[in-house]
2 protein chains.
Amino acid sequence: MARANAVPAVDKRRLILDAAVRVFAGQGFHTCRVSDIADEAGVAYGLVYHYFDSKDQILDTLFLERWDILLRAIQEVDAQPIPAREKLYAITSFIVDSYRHDPDLMKVIIVEVTRAANTFGRTHLAHIREAYIGIAAIVESAQREGVFRGDITPDFAALAFYGAVEQVLTGWIFALLPTGELEYEQAKTHIVETICGGLDRTEQSALAAGRAD
Amino acid sequence: MARANAVPAVDKRRLILDAAVRVFAGQGFHTCRVSDIADEAGVAYGLVYHYFDSKDQILDTLFLERWDILLRAIQEVDAQPIPAREKLYAITSFIVDSYRHDPDLMKVIIVEVTRAANTFGRTHLAHIREAYIGIAAIVESAQREGVFRGDITPDFAALAFYGAVEQVLTGWIFALLPTGELEYEQAKTHIVETICGGLDRTEQSALAAGRAD
DNA sequence: TGACCGGTTGACTGACCAGTCAATCTGTCC
DNA sequence: GGACAGATTGACTGGTCAGTCAACCGGTCA
């Protein structure tokens, strides 16, 4: 009671953003109407345009909010004094946990932005690219240290790595791959194992497989 | 003059499909109008609806035509008595060469269908999935033979492999990666090397890198 | 010659929906 | 209490296009 003036009791802007996540995840950005978002948020149509300039801007906001967190996470991981493989594991872990924590939001970001190469993917290309660059930097130093092979360019390795991660998330989103706590944890290891260790049977992988056999 | 009746001199249907590829690649499916396709084909608006039921059906046709060729290629590759790594190389090679031969068509298929998870990607999910299944089958037999490690599920490996390939194509499409004859050939090797051999430095990879250093 | 038919034309319609705006409501401050 | 400001409402408008349709064209066949 003491004070509730400047800031409204409920942040309608946030309410709209959260509703948009559910609507975008459920129907897709292009299929839904702005009125669907307003209805889902329990708010009048016009209020959406009080807080946002356009339907596009809602998605832009959702994407940028989350992607900046990812970029910061990548930077922080890279700053740590740990082996490259562990850095890649930490990044994979962050992305997988993001999905576990808020599958709808990650679905929207991947399906409507990251993979939507012709619409929002193009708008945010520079931003998305920063993630690739961060990953490539990790690969590059590992190559300089002689831990990673030097014949595959860092840019290329970064794309392959990110592509694998995104495809697995897409697999979960569209039920091509089983989901669950165990699957999420295994996926982290398996993605890094595949990209770093490769599918070929080696002594270490034979050892690792031994536990499963 | 002898005969030109039943079949028209120029196949207008094909003309429209080819025009659609250029228009979709240039502006994107959702951005372009049906009249753009008609104009590009040098044909009246209504004729498009003589040959196709809807704008969607044009894209469906383009995708299915090409994807079936890919699926057949995967099957043929798998039938050959060669090591798994060579099979994966052959598939990668087929996809890369498809892009080299007709970048516009591959761009449309990837950007508008394969990666468009909420629209056409969903419609053709079962079809797209068949490619994953074909790749997973290759991985599975390699695991049974003890050539590939057994602790990563074939489904998972297939997604990671296909994800890497598609991401590299996307990299070319959006100029994130340099293009050219040399790059295409190197990409084939590097994708397979990354997924099968891994990024870690090993004796073989050190050997391969030796040539480049 | 004239009936017939598939191919071809492009003006038109009907539906849809993003974004606008004038009115109303709620709370604050003097 | 009354003036002011920001939040909130939802009916309405303007523009866009996918898809329709009636007419036309050119070749074939009886």
Side-chain angles (χ1 to χ4, degrees), chain A residues 1-24 26-63 108 112-113 116 118-120 123, chain B residues 1-24 26-63 108 112-113 116 118-120 123:
Chain A
M1 226 359 105
R3 57 174 309 281
N5 46 350
V7 179
V10 278
D11 184 352
K12 294 287 175 75
R13 194 185 119 96
R14 191 75 252 166
L15 213 61
I16 292 168
L17 283 172
D18 292 345
V21 169
R22 294 192 295 275
V23 172
F24 290 163
Q27 320 186 29
F29 178 84
H30 294 287
T31 316
C32 83
R33 286 161 290 156
V34 172
S35 64
D36 293 331
I37 300 171
D39 291 351
E40 175 75 25
V43 131
Y45 186 89
L47 196 65
V48 174
Y49 285 91
H50 178 72
Y51 288 107
F52 302 95
D53 291 339
S54 66
K55 188 185 176 189
D56 284 18
Q57 208 199 40
I58 299 175
L59 182 54
D60 287 341
T61 305
L62 289 171
F63 168 73
V108 169
E112 305 294 350
V113 184
N118 254 341
T119 56
F120 289 90
T123 316
Chain B
M1 229 358 106
R3 55 173 314 280
N5 47 351
V7 179
V10 278
D11 183 351
K12 294 287 176 77
R13 193 185 120 96
R14 192 74 251 167
L15 213 60
I16 292 167
L17 283 172
D18 292 344
V21 168
R22 293 192 296 275
V23 173
F24 291 163
Q27 321 185 27
F29 178 83
H30 294 288
T31 315
C32 83
R33 286 162 291 157
V34 172
S35 63
D36 293 331
I37 300 172
D39 291 351
E40 176 74 25
V43 132
Y45 185 89
L47 195 64
V48 173
Y49 286 91
H50 179 71
Y51 288 107
F52 301 95
D53 292 339
S54 65
K55 189 186 175 190
D56 284 18
Q57 207 198 41
I58 299 175
L59 182 54
D60 288 341
T61 305
L62 288 171
F63 168 73
V108 169
E112 305 294 350
V113 184
N118 253 341
T119 55
F120 290 91
T123 318

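Here is the naming used below: chain letters follow the sequence lines, and residue numbers restart at 1 for every chain.
- OP1 or OP2 of D:dA7 has at least one side-chain nitrogen or oxygen of A:H50 nearer than 4.0 Å.
- When the P atom of C:dT8 is taken as reference, atom CD1 of B:I37 falls 17 Å away, rounded to whole Å.
- Looking at residues 27-36 of chain A, you'll see A:C32, A:R33, A:V34 sit with a heavy atom under 4.0 Å from some atom of DNA chain C.
- At least one donor-acceptor pair under 3.5 Å links the side chain of A:D36 to the backbone N or O of A:R33.
- Summarising the geometry, atom CZ belonging to A:F120 is positioned 4.5 Å from atom CG belonging to A:L59; distances are rounded to the nearest 0.5 Å.
- Every residue two or more places apart in sequence or in another chain that forms a side-chain hydrogen bond (donor to acceptor under 3.5 Å, both in side chains) with A:R22 is listed here: A:E40.
- Sorted by residue number, the members of residues 40-49 of chain A with any non-hydrogen atom under 4.0 Å from DNA chain C read A:Y45, A:Y49.
- Rounded to a whole Å, the CZ atom of A:F52 is 15 Å from the P atom of C:dT20.
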Residue pair B:T61, B:R13: steps toward the side-chain contact (heavy atoms from CB on, under 4.5 Å) verdict: CA-CA 11 Å; B:T61 305; B:R13 193 185 120 96; 3.8 Å; yes
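- Note that the OG1 atom of B:T119 and the CG atom of B:D56 stand 8.5 Å from one another [nearest 0.5 Å].
- For the atom pair B:I16 CD1 and B:L47 CG, the distance stands at 4.5 Å (nearest 0.5 Å).
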Stepwise side-chain contact (heavy atoms from CB on, under 4.5 Å) test for B:F29 and A:N118: CA-CA 9 Å; B:F29 178 83; A:N118 254 341; over 6 Å; no
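- Under the side-chain contact (heavy atoms from CB on, under 4.5 Å) test applied with B:Y51, the options B:Q57, B:K12, B:R14 reduce to a single match, B:K12.
- Between the CG atom of A:D39 and the C1' atom of D:dT9 there is a distance of 13 Å, given to the nearest Å.
- Remark: C1' of C:dT8 and CG of B:D11 are 15 Å apart, rounded to the nearest angstrom.
- Between B:K12 and C:dT8, a side-chain N or O to OP1/OP2 separation shorter than 4.0 Å is present.
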